[in-house]
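All values derive from a computational prediction rather than experimental measurement.
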Amino acid sequence: MERQTWHFLFYKSAFTKVQIDRLLGYLRQQRNFGGFPIVELAQDGNSSDIRFVTMTFDPLAQIETSLQSEMAKFILMHAIRPDDNSAEADMRLYGRVMSHSLEALGIEFQRYDQQTMDVIYWGQGATQA
């Protein structure tokens, strides 16, 4: 499997710096993304509207479209997860995020080639219900 580079674009109107820092801390602690080893992880950009995070990882298996969607939702879940969430609250949040479509959650993909993709997070959408 070829190394993947995903760029996460979080719109500031929906995501705070604290949320993105918490997400980065979680991923750095885990050192993997859904079991795939993380090679590089950085918050590498900041415009007036968007916070940019780049993650490069080594997939251990083919990433099918359904898995790609679940991975994007998993990132969203950890971006919006409160620090003091209990394990039970985490499971409820996980279920709430995973049960919605990408459109309802405000997530979009832009693939450039087989190894590079943007994952755009427009907002938290249905997770706030």
I need the Gln19 CD to Phe10 CZ distance, nearest 0.5 Å.
9.0 Å

Could you grab the distance from atom OG of Ser101 to atom CD of Glu103, nearest 0.5 Å is fine?
4.5 Å

Taking the side chain as C-beta and beyond, is there a heavy-atom pair between Val53 and Leu23 under 4.5 Å?
no

Can you list the residues that meet the salt bridge (charged side-chain N to carboxylate O under 4.0 Å, His left out) rule with Asp90, with sequence neighbours excluded?
Arg81

Can you measure from OH (Tyr94) to OG (Ser99) and round to the nearest 0.5 angstrom?
11.0 Å

Would you say the side chains of Thr116 and Thr5 form a donor-acceptor pair under 3.5 Å?
no

Could you walk me through whether Leu27 and Ile38 satisfy the side chain to side chain contact (heavy atoms under 4.5 Å, CB included) test, starting with their C-alpha distance in whole Å, then the side-chain angles of each, then the deciding distance to 0.1 Å, before giving a yes or no?
CA-CA 8 Å; Leu27 290 170; Ile38 295 174; 4.1 Å; yes

Report the residues that fulfil salt bridge (charged side-chain N to carboxylate O under 4.0 Å, His left out) with Lys17, sequence neighbours left out, ordered by chain and then residue number.
Asp21

Which word best sums up how the rings of Trp122 and Tyr11 line up, parallel for under 30°, tilted for 30 to 60°, or perpendicular for over 60°?
parallel

Qualifying salt bridge (Lys or Arg N to Asp or Glu O under 4.0 Å) pairs with a residue from residues 49-74, counting only residues at least two apart or across chains:
Arg3-Asp58

Show your reasoning for whether side chain to side chain contact (heavy atoms under 4.5 Å, CB included) applies to Thr54 and Phe8.
CA-CA 6 Å; Thr54 298; Phe8 302 110; over 6 Å; no

Are Met91 and Leu76 in one and the same hydrophobic cluster, where Ile, Leu, Val, Met, Phe, Trp and Tyr link if side-chain heavy atoms are under 4.5 Å apart?
no

So do Trp6 and Ile75 actually touch side chain to side chain, heavy atoms under 4.5 Å?
no

From Leu102 atom CG to Ile120 atom CD1, the distance as rounded to the nearest 0.5 Å:
12.0 Å

Enter the distance from Leu24:CG to Leu41:CG here, rounded to the nearest 0.5 Å.
5.0 Å

When you look at CZ of Arg111, are more than 12 heavy atoms from neighbouring residues, nucleotides or ligands closer to it than 6.0 Å?
yes

Taking all non-hydrogen atoms of both residues into account, name the closest pair between Ala14 and Gly123 and its distance.
CB-CA, 3.4 Å

Would a hydrophobic clustering, with Ile, Leu, Val, Met, Phe, Trp and Tyr connected at side-chain separations under 4.5 Å, put Tyr26 with Val39?
no

Test item: Asp113 side-chain N/O and Gln115 main-chain N/O as donor-acceptor pair under 3.5 Å
yes

Restricting to non-hydrogen atoms, name the atom on Gly35 and the atom on Leu60 that form the minimum distance, rounded to 0.1 Å.
O-CD1, 3.5 Å

Please say yes or no: joined through hydrophobic side-chain contacts below 4.5 Å, possibly via intermediate residues, are Met1 and Met117 part of one cluster?
no

Count I, L, V, M, F, W, Y as connected when their side-chain heavy atoms are under 4.5 Å apart, and connections chain through other members. Are Ile80 and Met98 then in the same cluster?
yes

Exam field: side chain Thr16 to backbone Lys12, donor-acceptor pair closer than 3.5 Å
no

From CA spacing to verdict: side chain to side chain contact (heavy atoms under 4.5 Å, CB included), His7, Phe52
CA-CA 7 Å; His7 306 280; Phe52 301 89; over 6 Å; no

Does the pair Glu40 and Phe57 meet the rule for a side chain to side chain contact (heavy atoms under 4.5 Å, CB included), with working shown?
CA-CA 7 Å; Glu40 291 182 53; Phe57 62 96; over 6 Å; no

Here the gap from Phe33 atom CZ to Phe74 atom CZ, rounded to the nearest 0.5 Å, amounts to 7.5 Å

Heavy-atom side-chain contact between Ile107 and Ser69 under 4.5 Å
no

Got a donor-acceptor contact below 3.5 angstrom from the Tyr121 side chain to the Ala79 backbone?
no

